[in-house]
Amino acid sequence: MHKSILLTIIISLNINANTLLEPTSLSKDLYLENILDGEYIEAIDKPEKFLGFEYATRVATPEQITSAIQAWSNQSDRLKVVEYARSHENRPLHAVFISSPNNLDSLDEIKNKVTQLSDARITNDRVAKTLIDELPAIAWMAYSIHGNETSGADAALGIIYHLIASKDTTVIDMLDEMVIIIDPVMNPDGRARFAKNLEQYRGTAPNYDDQSLIHTGDWPYGRTNHYYYDLNRDWVYLTQPETQGRVSLINEWKPQILVDAHEMGSQDTFMTGPAREPINKNVDYDLIKWGNVFAQDQGEAFDDRNWRFYTGEWHEDLYPGYSFYVAFKGTLGILYEQSRMAEDGVRRPEGTIQSYKESVHHQYVSTLINLKTLRENSKAMYKDYWDGRKLNISNDSKYANRSYVILPTKNNGRLNVLANKLKAQEIEIYKNNKPISVSNVLKQNGVIEDDYVIPTGSMIIPNKQPEAPLISAILEFDAEIDELVLQEEKQKSIKNGSSLMYDTTAFNFTMMYGLPAVTVPQNITRNLDVWSPFQETIEVNEDAVMWAVDGKDDRSVAFAARLMEQNIEVRIIDKDSSLSGHNLSRGSVVVIAMDNPVFKNLHQVVNSSALALDLSVVSIESGFGSEELPDWGGRHFRLLEKPQIAILSHEGFSSYDVGVSWWSLDHHLGIRHSQLNSSLTAYGDLRRYNTIILPSGNPDISDYAKSMLMDWVKQGGTLIANNASSRSIISSNIGNVKNLNKTFENSKTFNIDLMREIYSLEDQIDITNANDNKVNLQIDYPWESSDKTYTKDQLEMRDKWQSLLMPSGAFVATRNDNEHWLTFGTDNILPVLYSNYPILMTGGNSEAVLRIGELIPNSEISENRTINWSQIPAGYDMNVRMSGLVWPEASQRIANSAYLTRERIGKGQIILFSGEPNFRGSARGTNRLWLNAVVYGSGLGTSSRVTP
Ligand SMILES: [Zn+2]
């Protein structure tokens, strides 16, 4: 098949020759250096054989690289190829092990030695010394995780060839001492997408304009994978098959260095070397020391060739989900950032053109020089590694007296996922079989509790383990940032809105997953069993009147969605209930035989749906709920409606948010849906859908199209929007939700609405006053107990100042309406990831389903206190920040605003998320709210349709 493609290209070029003029110059003449300049074994095919063009003058497709690797594995005894994953589009991902034939024959033995060296509980200093003497150096060299940053993978192709085909004795000697693992194309789907763009936009003359389509490519661009995920943010969240396979193999091999070769802005030069602050405090300082050694050698190699480069600058390492997660495991991560040349080359302001081939050469030379540095320092690096691994489990480390505890929940589905992510990183997890009394426990809201009992069945992760630094990096509630860094960050924010932070400043797993957890300042070791996944029990009796799954478990939403797709009528119990001895959480999903008279094999469908999700089902023989609890004929058994879903997509939308919305439907639900070009809102038939999702973005949707969409809502549609799309809906004055800056004129009304919401939860009344016949002249009105109010001008000035200091990815606390169907499965306090999002204010009949700020009782506070437009009631403090950088000014600005709103419009509704609830496929807490909106919205939030 491969040959026939090449043949087609050649024929079409010949035809083109008759219709198109030859260019006056060729890009291949720009750079005359030979990258592959050694003496090579003739029996091994040169890269050109697989490319059909001169090596490194164009971008090789993933298929071309794969065919080269496969051919070479038959031609050389210096490499062994491992397929570690398949992409969503079914492309193979390869790790190419290159070493001497002897080493390749004993890979298992080498791997065992590395495993021994990594665990100081089974290895002593004497054995470690022998292991270090015997072990070859191990390098993992990985390229082009961002698919449109192409030069790395092309360099990898040349490197593999060079190492397996070179006749040079230094290469052959090097392979005796090293195992080099080349991961040439980390994101084949993204690269294929970009390679297709190159093919489509290629003309006759070379193009050096980095603004042209051949350089930029099309939406959704080649950076991301099939579902538009940034794979270089997925190394600890592990949501994508590319990362899952890769991390598993890297963790087996524990390489000494991991090179991650990228590209950056076209007009830039080349960056490498260790990061600048903020650097995650769980990184071993030895690695930073070694980073400088590698950078220095690499810099000298660049100097020798007159190539420009720099180190540090914008490169920080706080977020642990980059490839640099390996640093927490003792591996030196090395970043390359080559300026992006796409294809022919790029003209720079000084008039010169840097060619694509030269950019490949930079990556190539960097790789060889890093390998040389590793070879020279491998033994010393192993010694540092061993010392680090010993420290991780010693009583002297900062991890010695700390355990992370995730509290029990009926949300087995979510806990199982978390357990799998932790285990994939070789983290040991346990469950306590007895309550454990502990003291000075840190809760997620920052409160320290002196006496605390850990309930039986909690997930316990003692920090004192071989993977101690990684455990801390992903489970500690707050990543420490130096005061000086914070100072500079604040100055920059106020000066011009710039930031030192390259990614989110909060990322811990338990807040991300919306799972309550505590940190205990002691090493918990007693009354623990090794963690095992929950055993689900599926009991589907044919003669039951109904079958139910618990609504706390996230998988219950999929259960409902998948049954509805098969046209089965499904109900939800919107209140905690107890039926036939089974206690069911609010939001439990039930299938009632009487609702589905036409299904003769109903119980079998229920059974197989539960099996597919590995989800417990109970059979219920009676619809009677005792006392106040719901009974099956009452109003708490609410009928759902099958969601018919469309996601608006394309140019203007955030590809990340489109991708993760799409992935969420495919991953969590597996039901049919359509991704629509947003222009269809004007001329398509929207009646096919009852649920339309607007991912975050600023698409060019005409006023006419917007009015069509609103007509559709009024006729019963459920419109769900995220972040920038929510901003755009409220700025079009659709509905009653407003952006904060439009509310200062009548801020008091918003405060009264807020007070109604808070005081409606008040559970104490003065019975004497209530029964008094006289008019009471001493009534306390909540908004009058504080004399402080701000004028419109004051609020506006505050807002301008506060808006300079908004967070860029931090967790803030939200309290929720725990009677609302959107909050099924959600705890009362939910951490949400927050950035510079629209600040939603509800008024009229719009509902604030989640509001920012946790009310914490404090009996010493006797009066209401004012923050900007709103008040904190007497008797309470308010917590906003939970993790990451949230300036106090930002806390004030967003306190009491809504994160999630829902408003009835006509027969339909609009649901707005201030943020991006599916963030990186990992924000499980907010993802549940979104899944509730998507699957339950049409049934629970709109007028039900009756067919006459
Ligand atoms: Zn990149």
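Every number for a ligand or one of its atoms is a count from 1 in the order of the listing. Computation of the quantities below employed the complete heavy-atom set of this structure, encompassing side-chain atoms and omitting hydrogens, waters and symmetry-equivalent molecules.
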Distance-only polar pair, side chains of H215 and D344, donor-acceptor under 3.5 Å: no
Atom of H262 closest to the Zn ion (ligand 1), considering N, O or S atoms: ND1
Of all N/O/S atoms in H146, the name of the one nearest the Zn ion (ligand 1): ND1
Contact flag E337/the Zn ion (ligand 1), N/O/S atoms, threshold under 2.8 Å: no
Face-on cation placement of R920 at Y237 ring, 6.0 Å and 45° thresholds: no
Side chains of Y143 and D260, donor plus acceptor under 3.5 Å: no
Atom of E149 closest to the Zn ion (ligand 1), considering N, O or S atoms: OE1
Side-chain ion pair, R191 and E263, N-O less than 4.0 Å: no
